[in-house]
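Written out below as structure tokens is the structure these notes cover.
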Amino acid sequence: MELYFEQNVTNKNVDERIKRTKLLSIAKTVCLVFAVFIIVSSAMLGDYFFNFFWIFLIFSAPFFVASYILGRINKRCNTEYDYVIDDEFIKISEIYYREQRKLKHTIRLRFIESVGVFDTEGYKKAERGVGKKILAIVNYEDEDSILYICYKTDKGVRKILFVEPNKGFLIALRRALSTSALTVFDKSISDLEKRLAKKEQEEAMSAVEGGDFEEESEEVSDEPNDGENE
């Protein structure tokens, strides 16, 4: 039986910071243009270009650096993720500006050593000897809902991947690791599953209450106003 699950992790900053995104994009472009302008202008000086090349390069370097930093900030604020679990792999894709998609990480399920909640005792044990930590999250504030996955690459390098799962992701991961779930999942998973289940119930209740309120508003608006009819 094949197992497939996909979770989309949306970034509210994409919608809330549209103007900021445009301003950062403009600032990045302006810095890059200035840097190129300095280099091109210096090239027009003929023989002096080779004599003073390093000076012109130093003048243009801050604009190149600023352009790069602004681009990274903008990209981070406009990055979303897709988590995919199938029979053999966890695949993490990054989505930029809701247009560009790139597969960034592929983890073999059989190479997963430990799974649990960030900053717990299990995590502190798992992070010892880890070569690299990978962030695939958009919400950095809710640390209690961040899941760590400690695994080995094909070359034997130990890494930790951080994700922010929903209830469905944990269920799918438990099924995918059915033969080793008891040894791979630490005790913190139970509390996380309870929190996610409660969160889903609250969101469902909010959606129902919101729908009822809209229906009541429509019913009130359809009733005739006695004062106006008089």
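Applying the salt bridge (Lys or Arg N to Asp or Glu O under 4.0 Å) test between Glu127 and each of Arg158, Lys133, Lys159 identifies Lys133 as the sole match. With Leu147 as the partner, the side chain to side chain contact (heavy atoms under 4.5 Å, CB included) test is satisfied by one option alone out of Tyr123, Phe162, Phe169: Phe169.
Across all non-hydrogen atoms, the minimal contact from Tyr83 to Glu164 is OH-N, 3.2 Å. What you find for Tyr151 and Ile112 is that their closest heavy atoms are CB-CA, 3.9 Å.
Sparse packing is recorded around CZ of Phe34, with 12 or fewer heavy atoms of other residues, nucleotides or ligands lying under 6.0 Å away.
Classification of Asp144 and Arg195 as a salt-bridged pair fails, no side-chain N sitting under 4.0 Å from a carboxylate O. A salt bridge links Glu193 with Arg174; the closest basic N to acidic carboxylate O contact falls under 4.0 Å.
Remark: Arg76 qualifies as a cation-pi partner of Tyr140 under the 6.0 Å distance and 45° angle criteria applied to the six-membered ring.
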Only pairs under 3.5 Å count here: list side-chain donor-acceptor contacts from residues 59-73, not counting sequence neighbours, and write none if there are none.
{"residue": "Ser60", "atom": "OG", "partner": "Phe56", "partner atom": "O", "Å": "3.2"}
{"residue": "Ser60", "atom": "OG", "partner": "Leu57", "partner atom": "O", "Å": "3.0"}
{"residue": "Ser67", "atom": "OG", "partner": "Lys28", "partner atom": "O", "Å": "3.2"}

Could you tabulate the donor-acceptor pairs under 3.5 Å formed by side-chain atoms of residues 182-190, not counting sequence neighbours?
{"residue": "Thr183", "atom": "OG1", "partner": "Ser180", "partner atom": "O", "Å": "3.0"}
{"residue": "Asp186", "atom": "OD1", "partner": "Ser188", "partner atom": "N", "Å": "3.0"}
{"residue": "Asp186", "atom": "OD1", "partner": "Ser188", "partner atom": "OG", "Å": "2.4"}
{"residue": "Asp186", "atom": "OD2", "partner": "Tyr148", "partner atom": "OH", "Å": "3.0"}
{"residue": "Ser188", "atom": "OG", "partner": "Val117", "partner atom": "N", "Å": "2.9"}

Anything under 3.5 Å between a donor and an acceptor, one on a side chain of residues 100-107, the other on a protein residue two or more places apart or in another chain? List them.
{"residue": "Arg101", "atom": "NH1", "partner": "Asp82", "partner atom": "OD2", "Å": "2.4"}
{"residue": "Arg101", "atom": "NH2", "partner": "Asp82", "partner atom": "OD2", "Å": "3.0"}

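For the 3.5 Å distance criterion, the side chains of Thr79 and Asn11 fail to qualify, holding no donor opposite an acceptor.
The line from CG of Leu192 to NZ of Lys199 is 10.0 Å long, rounded to the nearest 0.5 Å.
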